[in-house]
Protein chains: 2
Amino acid sequence: MTGHPLLVTLNEVRQSLSIKDVARIANVSHSTVSRALRDSPLVNPETAARIKKIALESSYRASAVARSLATSKTHTLGVVVATVADPFIAEVISGIEAAARQRGYSVFLANSDGVADRETSVVESFEERRVEGILVLASRVGSSYRTLLEKTSIPIVLINNYKFGDCAYSVDIDNVPASREATRHLIGLGHRRIAYLGDRFGFNSDTERFSGYRQELAAADIAFRPEFVVHGDGTPPGGEAAVQQLMQLPGRPTAVFCYDDMTALGALRGIRAAGLRVPEDVSVVGFDDLLIASYVEPALTTIRQPKEHMGTLATEMILNLLSGEKGEANVKVAGELIVRKSACPPAVP
Amino acid sequence: MTGHPLLVTLNEVRQSLSIKDVARIANVSHSTVSRALRDSPLVNPETAARIKKIALESSYRASAVARSLATSKTHTLGVVVATVADPFIAEVISGIEAAARQRGYSVFLANSDGVADRETSVVESFEERRVEGILVLASRVGSSYRTLLEKTSIPIVLINNYKFGDCAYSVDIDNVPASREATRHLIGLGHRRIAYLGDRFGFNSDTERFSGYRQELAAADIAFRPEFVVHGDGTPPGGEAAVQQLMQLPGRPTAVFCYDDMTALGALRGIRAAGLRVPEDVSVVGFDDLLIASYVEPALTTIRQPKEHMGTLATEMILNLLSGEKGEANVKVAGELIVRKSACPPAVP
DNA sequence: GGGTCCACTGCACACGTGTGCAAGGGACTT
DNA sequence: AAGTCCCTTGCACACGTGTGCAGTGGACCC
């Protein structure tokens with residue numbers, strides 16, 4: 001592009017100065033400037049100091065765009081999320097960004113709103129941007145990534161996502177043991193009538209948590225009762241509606257283990273709406289440990305997911321991959337039971 | 001960079017194909033491919049169709065990096081936040097990203113954690129990336145942007161941020177009327193002893209909300225009582241500690257207007273810890289309308305900030321600026337009182 | 001039949017940075 | 001004194017895409 005000199009003047013585009021401008025001022029070639037600024041041993045220390053001084057005073061900023069083109073390294077990652085507004089997702093992003101920045105990478109962020117088309121176009125946009133890796137965090141979406149994964153040559157790490165065998169890198173909470181621990185906690189408190197308030201979208205996180213729940217019931221010789229399983233949609237209203245079905249049951253449960261904290265928040269409301277108290281009449285246990293969990297009344301007993309850590313882990317996994325180190329492809333992290341006030345021994349055993 | 005053929009082979013770098021590869025397959029020059037893919041009228045429709053077909057089948061992705069270098073347009077924005085994990089910030093980001101993507105822009109996201117040094121380095125990194133605009137959303141930080149604003153030639157929009165005269169573009173909630181509305185609501189319920197639980201960091205958002213509070217008291221001929229003003233730190237524990245000072249006062253307030261919802265959450269706890277009920281003994285009003293506000297018990301009466309809208313607005317402001325349209329430089333948006341359950345008429349007037 | 005004009009295509013250069021290679025010059029060795 | 005070696009620098013090209021300009025060929029007109 002040779003440019004339109006007139007237009008440029010009109011628009012008052014302040015052209016940021018280039019390496020050649022610095023070279024001219026320092027009276028050396030642009031190669032020497034390039035080497036000096038990158039601390040190459042090939043350049044005379046005095047010359048380097050002079051060049052650096054000039055670069056600093058003129059507040060020269062090397063163009064990452066041009067460098068990327070020359071080195072075919074963008075030092076850039078792409079992050080696809082269903083929505084940033086989800087507090088779980090936001091904390092994971094926080095971990096991703098910190099780990100990336102620490103290793104000199106910048107991150108592109110894009111919302112998909114869980115719409116498959118938009119995810120496709122977001123990934124295409126990332127491909128054009130030549131991001132070196134993509135992190136996907138869209139618990140509301142599943143199978144549409146199968147084709148994306150097959151098509152793209154950019155490494156992708158899925159975080160708490162739907163999986164297809166082991167064809168992709170992934171970081172996940174280890175749902176079964178965590179779910180067993182939550183269920184065991186309720187059993188330990190003396191509960192026998194324990195419900196599972198799941199999610200209706202068929203994520204494997206839901207399947208696994210449900211599985212842990214059943215395993216622990218079995219281990220304690222408690223019969224599984226199908227009517228004690230209901231489904232929300234990951235939102236408080238969904239949980240509220242679902243828990244009300246449970247409360248109407250003859251011989252209603254004395255405890256409810258919820259798929260996630262959002263669902264549990266709804267459960268708290270629904271239980272109160274049914275004229276019952278938490279935890280005296282019904283105990284509630286959540287999953288995630290969102291910030292909000294400790295500030296509701298009663299404070300929520302829940303399973304903590306190490307959210308920031310999961311973001312960091314996924315980022316390091318992908319960066320190590322880019323450095324050629326092959327590591328574990330499918331990592332599981334442990335949850336942790338956080339005991340607060342929403343679960344206590346049952347009044348009527 | 002002529003490359004290290006051996007290394008390339010070893011690392012199995014899958015070189016994405018370039019416009020020249022497509023050109024060779026289509027048996028035309030790369031110029032024609034470039035024009036065809038950008039729907040230039042200069043190219044024969046049949047040729048264009050053939051080229052597009054080839055590009056599609058080979059899943060060719062034009063390099064945004066090279067295009068940026070050639071056109072000196074990156075179609076990229078940078079967003080600086082104190083932390084993504086803050087639910088307020090996360091929703092604003094959501095609005096930013098949606099508006100940007102809709103106009104073909106991608107966004108870089110960076111956390112500063114409110115550390116001045118990190119903010120400087122983040123902005124420098126954005127400058128190197130040649131972002132076309134920067135959005136700053138770091139309510140915990142103020143004056144360190146003064147120098148950044150003066151140094152950089154990239155347009156910056158501050159969202160709910162500390163301001164320095166009118167030297168920067170900004171989008172802000174219109175604090176004074178919103179705060180007056182909240183206070184008027186409490187007065188309308190019959191409260192006369194109304195406290196202000198502010199923030200201790202000296203943001204002008206706090207100053208303005210406090211000012212609205214005082215103006216409305218004055219308008220209702222209620223004497224201002226300095227002992228009814230305490231300060232938290234924007235976190236629930238901070239609000240909890242501060243509200244307890246208020247509750248110990250002889251002739252304690254019957255209502256508390258809080259700087260933000262996080263502070264209000266703490267206030268709810270602190271009031272209960274003092275053996276009092278919300279709202280029967282003490283009414284509470286917040287500010288922000290975070291998602292959590294409707295799920296605490298009692299659901300929080302608060303001022304809603306149009307968070308996504310503010311993000312969208314700021315983004316469009318900066319994109320219009322880049323298109324050469326000059327608009328309003330300092331925009332204020334209106335808050336909205338959301339009446340829920342945490343405020344009712346006082347028991348003892 | 002020759003001239004003109006238009007539709008289309010390719011050449012060549014630009015964008016800003018990195019780097020292999022050659023070359024210059026000084027110091028040291030034999 | 002000549003040769004060798006190393007330190008330092010610059011030349012030239014590469015990265016992938018966009019675009020001004022020249023050039024080619026065909027259609028149409030007179």
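Below, chains carry the letters A, B, ... as their sequence lines are ordered, and counting in each starts from 1. These figures come from a predicted structure and were not determined experimentally.
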Discussion item. Can you identify which nucleotide, out of D:dG18, C:dG18, D:dT17, has its nearest atom closest to the A:Thr71 side chain?
Written reply: C:dG18

Practice prompt. Going 5' to 3' through nucleotides 4-10 of chain C, assign each nucleotide B (protein heavy atom under 4.0 Å from a base atom), S (under 4.0 Å only from sugar-phosphate atoms) or - (no protein heavy atom that close).
Written response: ----SBB

Worksheet item: Are any side-chain N or O atoms of A:Thr74 and backbone N or O atoms of A:Arg130, one a donor and one an acceptor, separated by less than 3.5 Å?
Response: yes

Worksheet item: Roughly how many Å is it from CG in B:Leu17 to C1' in D:dC15, rounded to a whole number?
Response: 15 Å

Discussion item. Checking side-chain polar atoms at under 3.5 Å, does B:Arg129 have a donor or acceptor matched by the opposite partner on A:Thr76?
Written reply: yes

Worksheet, complete the sentence: A:Glu127 atom CD is separated from D:dG16 atom P, nearest whole Å, by 16 Å

Response to the item:
Here the distance between atom C1' of C:dG16 and atom CZ of A:Arg38, to the nearest Å, is 13 Å

Worksheet item: Which is it for B:Val43 and B:Val28 under the side-chain contact (heavy atoms from CB on, under 4.5 Å) test, yes or no, and what are the steps along the way?
Response: CA-CA 11 Å; B:Val43 50; B:Val28 292; over 6 Å; no

Worksheet item: Are A:Lys53 and A:Glu57 ion-paired here, with the side-chain N under 4.0 Å from a carboxylate O?
Response: yes

Worksheet item: What is the distance, rounded to the nearest whole Å, between atom CZ of A:Arg130 and atom P of D:dG16?
Response: 8 Å

Worksheet entry | Evaluation steps, side-chain contact (heavy atoms from CB on, under 4.5 Å), between A:Val131 and A:Phe108 | CA-CA 8 Å; A:Val131 303; A:Phe108 281 115; 3.8 Å; yes

Worksheet item: Which whole-number value in Å describes the distance from A:Ile19 CD1 to C:dG18 C1'?
Response: 8 Å

Worksheet item: Taking it one step at a time, do A:Ile154 and A:Phe126 satisfy side-chain contact (heavy atoms from CB on, under 4.5 Å)?
Response: CA-CA 9 Å; A:Ile154 301 173; A:Phe126 282 166; 5.6 Å; no

Item to complete: Tell me which residues in residues 54-69 of chain B put a heavy atom below 4.0 Å from DNA chain C, sorted by number, or none.
Response: B:Leu69

Worksheet item: Looking only at atom types and distance, does a side-chain atom of A:Thr120 sit under 3.5 Å from a main-chain N or O of A:Ala116, one as donor and one as acceptor?
Response: yes

Worksheet entry | Given A:Ile93, A:Val92, A:Ile96, the one that forms side-chain contact (heavy atoms from CB on, under 4.5 Å) with B:Val84 | A:Ile93

Item to complete: With heavy atoms under 4.0 Å as the rule, sort B:Ser34 into base, sugar-phosphate or nothing.
Response: base

Practice prompt. Whole angstrom is fine here: how far is it from CZ in B:Arg24 over to P in D:dG16?
Written response: 12 Å

Fill in: Positive for side-chain contact (heavy atoms from CB on, under 4.5 Å) with A:Glu97, one of A:Leu109, A:Thr312, A:Val107
A:Val107

